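Source: prediction; values computed, not measured.
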There are 2 protein chains.
Amino acid sequence: MAATPSSPGRPDDLTLEVVGLIGSVVARYHEEYEEAAAGHDLTGAQARLLSLLCLEPLPMRKLAHRLKCEPSNVTGIVDRLESRGLAERRPDPADRRVKVAAATREGRRVARGLRESLRFAREPLAALTDEERRSLRDILRTMLDTEGTAAEGRE
Amino acid sequence: MAATPSSPGRPDDLTLEVVGLIGSVVARYHEEYEEAAAGHDLTGAQARLLSLLCLEPLPMRKLAHRLKCEPSNVTGIVDRLESRGLAERRPDPADRRVKVAAATREGRRVARGLRESLRFAREPLAALTDEERRSLRDILRTMLDTEGTAAEGRE
DNA sequence: TATTGTTATACTCTATAACTATA
DNA sequence: TATAGTTATAGAGTATAACAATA
């Protein structure tokens, strides 16, 4: 535990500075992600969905849950990816109500290109020593260990 | 300098893990920001713009530059804030073409509430020791010191 | 009846291009 | 003529509600 850490009410200067820095990192990360997506003629939402499908095919419903949006939105995003031949809908033999979205070969190719053009969050790490990277890893793990993870339980 | 750090081509496992953790932090940060904004009946864009205005009044043009979007978009966002009495447009005595957007008293009140409800990026830091926070600060500074900052020069 | 995916609708954000009023 | 802000337009993401097919 910290000596005199940021109490919930009145964060100290160091904490405030770190909060600001995290905000900057988040902003940079997002800019670069959108930029990389645009470089492959994808919107951010399309890029995120396609990246998910490259890990595993998913029913529309689960896709919505993963993207934390309404199922009705997924219809349009998959439509646009499908019209470009990057994704496809497959029937689920077990339940004929379900449609499973999957990345096509071309979709996986585009997603790979996208992944490789995401240099931020990786390139700046090259400026760190191995020890710093390990330190950062441990700190980030601690940060992410705060509540909030509970909601992720249901899948 | 690192001993055998992530070369541009083939990042090591540690780097990949840290990249993933950063992605998670970014996702959490964004979710909580949007959620906090929605809690005050603001969209993310409105919340970001209003927060900027609370630091200082800004001409529409500069606002667009800060938000990294086209000036035509700012018109609508400020319109919506203005219709709720959270922001206002003031003439610039020096240049009658310019309209300076500013937060109203109510706007600053809402922004303060928003800021205080943004517990993430601050609350998880409470789990860190002072030394860890200093360490994190230095690492984040190093990360943000990577190129890319050049584009920020023009203001 | 409940669930899956879709459609219809409405709002916001986004970029582009054309317009206006200044400079 | 160049610039600041706006309008008009179109595409995309988002949530809500209603719907068809299936369970």
Side-chain angles (χ1 to χ4, degrees), chain A residues 27 30-31 33-35 37-53 57-84 86-102 154-155, chain B residues 27 30-31 33-35 37-53 57-84 86-102 154-155:
Chain A
H30 248 84
E31 280 165 42
Y33 192 91
E34 296 289 321
E35 211 171 286
H40 295 266
D41 288 304
L42 295 170
T43 64
Q46 287 164 13
R48 281 185 287 277
L49 195 153
L50 183 57
S51 298
L52 275 182
L53 291 190
L58 286 169
M60 305 299 275
R61 205 91 192 169
K62 283 205 173 180
L63 221 26
H65 184 253
R66 293 284 177 86
L67 295 172
K68 295 182 204 303
C69 73
E70 295 303 312
S72 59
N73 303 324
V74 176
T75 298
I77 303 175
V78 170
D79 278 351
R80 287 179 274 277
L81 288 174
E82 195 164 27
S83 74
R84 283 179 54 194
L86 304 180
E88 61 184 11
R89 287 170 166 92
R90 299 172 186 164
D92 181 341
D95 185 339
R96 288 195 303 173
R97 290 173 305 178
V98 173
K99 288 176 190 169
V100 179
R154 182 159 320 282
E155 192 75 40
Chain B
H30 249 84
E31 278 165 41
Y33 192 91
E34 296 289 321
E35 209 171 286
H40 295 267
D41 287 305
L42 294 170
T43 64
Q46 288 165 10
R48 281 185 288 276
L49 196 153
L50 183 57
S51 299
L52 276 181
L53 292 189
L58 285 169
M60 304 298 277
R61 205 89 192 173
K62 285 204 172 178
L63 222 26
H65 185 252
R66 294 286 179 85
L67 295 171
K68 296 183 203 304
C69 71
E70 294 303 311
S72 59
N73 303 326
V74 177
T75 298
I77 302 175
V78 171
D79 278 352
R80 287 178 274 276
L81 289 174
E82 196 164 26
S83 74
R84 282 179 55 194
L86 304 180
E88 62 185 9
R89 286 169 166 92
R90 300 171 185 165
D92 180 341
D95 187 337
R96 289 196 302 174
R97 290 173 305 181
V98 174
K99 287 177 189 169
V100 179
R154 181 155 322 280
E155 191 73 39

Check your understanding: D:dT3 phosphate, OP1 or OP2: any side-chain N/O from B:Arg61 under 4.0 angstrom?
Key -> no
Practice item. Tell me what A:Asp95 touches on the nucleic acid: a base, only sugar-phosphate, or nothing, going by heavy atoms under 4.0 Å. Key: sugar-phosphate
Check your understanding: Which sits closer to the 5' end of DNA chain D, A:Gly76 or A:Pro93, going by the nucleotide each is nearest to?
Key -> A:Gly76
Exercise for review: Assign each of A:Met60 and B:Gly44 to its nearest nucleotide of DNA chain C by heavy atoms, then name whichever residue's nucleotide is nearer the 5' end.
Suggested key: A:Met60
Pairs of donor and acceptor atoms involving the side chains of residues 70-77 of chain A, under 3.5 Å and at least two apart or interchain, shall be tabulated with distances.
none

Point to revise | B:Ser72 side chain near D:dT6 phosphate (N/O to OP1/OP2, under 4.0 Å) | key: no
Point to revise | Among C:dT16, D:dT7, D:dT16, the one nearest B:Asp79 by side-chain distance | key: D:dT7
Exercise for review: Would you mind reading off the distance between A:Gln46 atom CD and D:dA12 atom P, rounded to a whole angstrom?
Suggested key: 7 Å
**Study point:** Side-chain N or O of B:Lys99 closer than 4.0 Å to phosphate OP1/OP2 of D:dT6
**Key:** yes
Point to revise | For atom CG of A:Leu81 and atom P of D:dA12, their distance in whole Å | key: 11 Å
Check your understanding: With respect to the phosphate group of D:dG13, does any side-chain polar atom (N or O) of A:Thr43 fall under 4.0 Å of OP1 or OP2?
Key -> yes
Practice item. Nearest whole angstrom, please: distance from the C1' of C:dA17 to the CG of B:Asn73. Key: 13 Å
Point to revise | NZ/NE/NH1/NH2 to OD/OE distance under 4.0 Å, A:Glu82 and A:Arg84 | key: no
Check your understanding: Between C:dT6 and A:Arg89, is there an OP1 or OP2 to side-chain N/O distance shorter than 4.0 Å?
Key -> yes
Check your understanding: Under 4.0 Å between a side-chain N/O of B:Arg80 and OP1 or OP2 of C:dC13, yes or no?
Key -> yes
Check your understanding: Just how far, in rounded Å, is P of D:dG5 from NE2 of B:His65?
Key -> 14 Å
Check your understanding: Among D:dT22, C:dT22, C:dT4, which is the nearest nucleotide to the side chain of A:Val98?
Key -> C:dT4
Point to revise | Residue pair A:Gly44 / A:Tyr33: nearest heavy atoms and the distance that separates them | key: O-CE2, 4.1 Å
Practice item. Output all residues satisfying side chain to side chain donor-acceptor pair (under 3.5 Å) with B:Asp95, sequence neighbours left out; order by chain, then residue number. Key: B:Arg97
Point to revise | Rounded interatomic separation in angstrom, taking CD1 from B:Ile77 and P from C:dC11 | key: 17 Å
**Study point:** Any B:Arg97 side-chain nitrogen or oxygen under 4.0 Å from OP1 or OP2 of D:dA2
**Key:** no
Study note, to complete from the structure: Here the distance between atom P of D:dG13 and atom CG of A:Leu50, to the nearest Å, is 13 Å
Check your understanding: Do the side chains of A:Arg90 and A:Lys99 get nearer than 4.5 Å, heavy atoms only?
Key -> no
Exercise for review: Rounded off to whole Å, could you give me the CG-to-C1' distance for the B:Leu67 and C:dC13 pair?
Suggested key: 11 Å
Exercise for review: Would you check if the side chain of B:Glu34 reaches a backbone N or O of B:Glu31 as a donor-acceptor pair within less than 3.5 Å?
Suggested key: no
Exercise for review: May I have the distance from B:Glu34 (atom CD) to D:dA15 (atom P), rounded to whole angstrom?
Suggested key: 10 Å
Exercise for review: Establish, with yes or no, whether the OP1 or OP2 oxygen of D:dT14 is under 4.0 angstrom from a side-chain nitrogen or oxygen of A:Lys68.
Suggested key: no
Exercise for review: Could you check A:Glu70 against B:Thr75 and say which one's nearest nucleotide on DNA chain D is further toward the 5' end?
Suggested key: B:Thr75
